[in-house]
Amino acid sequence: LKVREEFFSEAQLAAIQKDLQAIRGVRDVDYVRDLADEVNRNFTKIYLVLSVFVVLLLLIIVVLVNNTIKLSLYSQRFLIRSMQLVGATHGFIRKPFLTKGAVQGLFSGLIACGLLFGLLQLANANLPELRALQDTEKFLFLSGALLVLGVLIGVLSTFQSVERYLKLSLDELY
């Protein structure tokens, strides 16, 4: 019997046991008591530790991507200044950089999704029991979130860096 996630608590399992024993022909229903609560407590602890770890990694990634984009735009600061001198608007100057940032973020998200899918397939090949725990809908949601996050980080970091160079005076460029 496989119990869905929302019924995996001690009270719910006791109610399921009572309902199953009421069925004619069922002689005995047994489950390990306190196991559900113990597993839930352990999952909560693991979830908190992994959440802190993920947030730290996300901050590190954002800082690294932001610095990389700043360095890339630093080499193009004179091109930005030349475009300003010939009368290009800020939106016209921003557009190619933002497009490039979005495309690079999209490719980053695709690579992350591919690596995650490969890791999942490797885990399934080595531990076939994991297939019972997989949820395709959650994996697709996570993949979509990775793609959106990649594009957002790329676009926002690029926007911030381009704005910085659009506001600099000629003396500050050097």
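Note that these values count all heavy atoms, side chains included, but never hydrogens, waters or copies made by symmetry.
- No more than 12 heavy atoms of other residues, nucleotides or ligands shown are found within 6.0 angstrom of CZ on Phe107.
- Residues Asn66 and Ser161 come closest through the heavy atom pair OD1-OG, 4.0 Å.
- Listed by chain and residue number, Gln76, Met83 satisfy the side chain to side chain contact (heavy atoms under 4.5 Å, CB included) test with Leu79 (two or more places apart in sequence, or in another chain).
- Cluster membership check: Ile16 shares its hydrophobic cluster with Ile23, using side-chain heavy-atom separations under 4.5 Å among Ile, Leu, Val, Met, Phe, Trp and Tyr.
- With hydrogens and angles disregarded, no donor-acceptor distance shorter than 3.5 Å links the side chain of Gln21 to the backbone of Arg27.
- Rounding to the nearest 0.5 Å places CG of Leu142 at 11.5 Å from CG of Asp135.
- Linking Ile, Leu, Val, Met, Phe, Trp and Tyr whenever their side-chain heavy atoms come within less than 4.5 Å puts Val162 and Val62 in one cluster.
- Scanning both residues, Phe97 and Thr158, for their nearest heavy atoms gives O-CG2, 3.2 Å.
- Tracing side-chain contacts under 4.5 Å through hydrophobic residues (I, L, V, M, F, W, Y), one never reaches Val151 starting from Val148; they form parts of separate clusters.
- Atom CZ of residue Arg94 and atom CD of residue Glu163 lie 4.0 Å apart, to the nearest 0.5 angstrom.
- Rounded to the nearest 0.5 Å, atoms OG (Ser51) and CG (Leu58) are 12.0 Å apart.
- The heavy-atom pair separating Leu98 from Val155 by the smallest distance is CD2-O, 3.6 Å.
- Both Leu116 and Leu120 are members of a single hydrophobic cluster when ILVMFWY side chains are connected at heavy-atom separations under 4.5 Å.
- With sequence neighbours left out, Val65 forms a side chain to side chain contact (heavy atoms under 4.5 Å, CB included) with Ile61, Ile69, Ile153, Ser157.
- For the pair Ser143 and Cys113, the tightest heavy-atom approach, listed with the atom from each and the gap, is O-SG, 3.4 Å.
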| field | side-chain contact (heavy atoms from CB on, under 4.5 Å) evaluation trace for Ile93 with Thr89 | value | CA-CA 6 Å; Ile93 296 170; Thr89 64; over 6 Å; no
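- For the atom pair Leu119 CG and Asn124 CG, the distance stands at 10.0 Å (nearest 0.5 Å).
- Within the model, atoms CG of Leu59 and CG of Leu64 stand 11.0 Å from one another, a figure rounded to the nearest 0.5 Å.
- Distance check, rounded to the nearest 0.5 Å: CZ of Arg77 to OG of Ser72 gives 12.5 Å.
- For Glu137, the CD atom sits in a loose shell: 12 or fewer heavy atoms of surrounding residues, nucleotides or ligands are nearer than 6.0 Å.
- Of all heavy-atom pairs between Gln84 and Leu166, the closest is NE2-O, 2.9 Å.
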| task | Starting from the C-alpha separation in whole Å, work towards a yes-or-no answer on side-chain contact (heavy atoms from CB on, under 4.5 Å) for Leu110 and Leu147. | result | CA-CA 6 Å; Leu110 287 173; Leu147 291 173; 3.7 Å; yes
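- Contact detail for Phe92 and Ala88: the closest heavy-atom pair is CD2-CB, 3.8 Å.
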| query | Would Leu106 and Val103 satisfy side-chain contact (heavy atoms from CB on, under 4.5 Å), going step by step from the backbone distance to the final call? | reply | CA-CA 5 Å; Leu106 181 66; Val103 169; 5.6 Å; no
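- Shown here are the side chain to side chain contact (heavy atoms under 4.5 Å, CB included) partners of Ala145, two or more places apart in sequence or in another chain: there are none.
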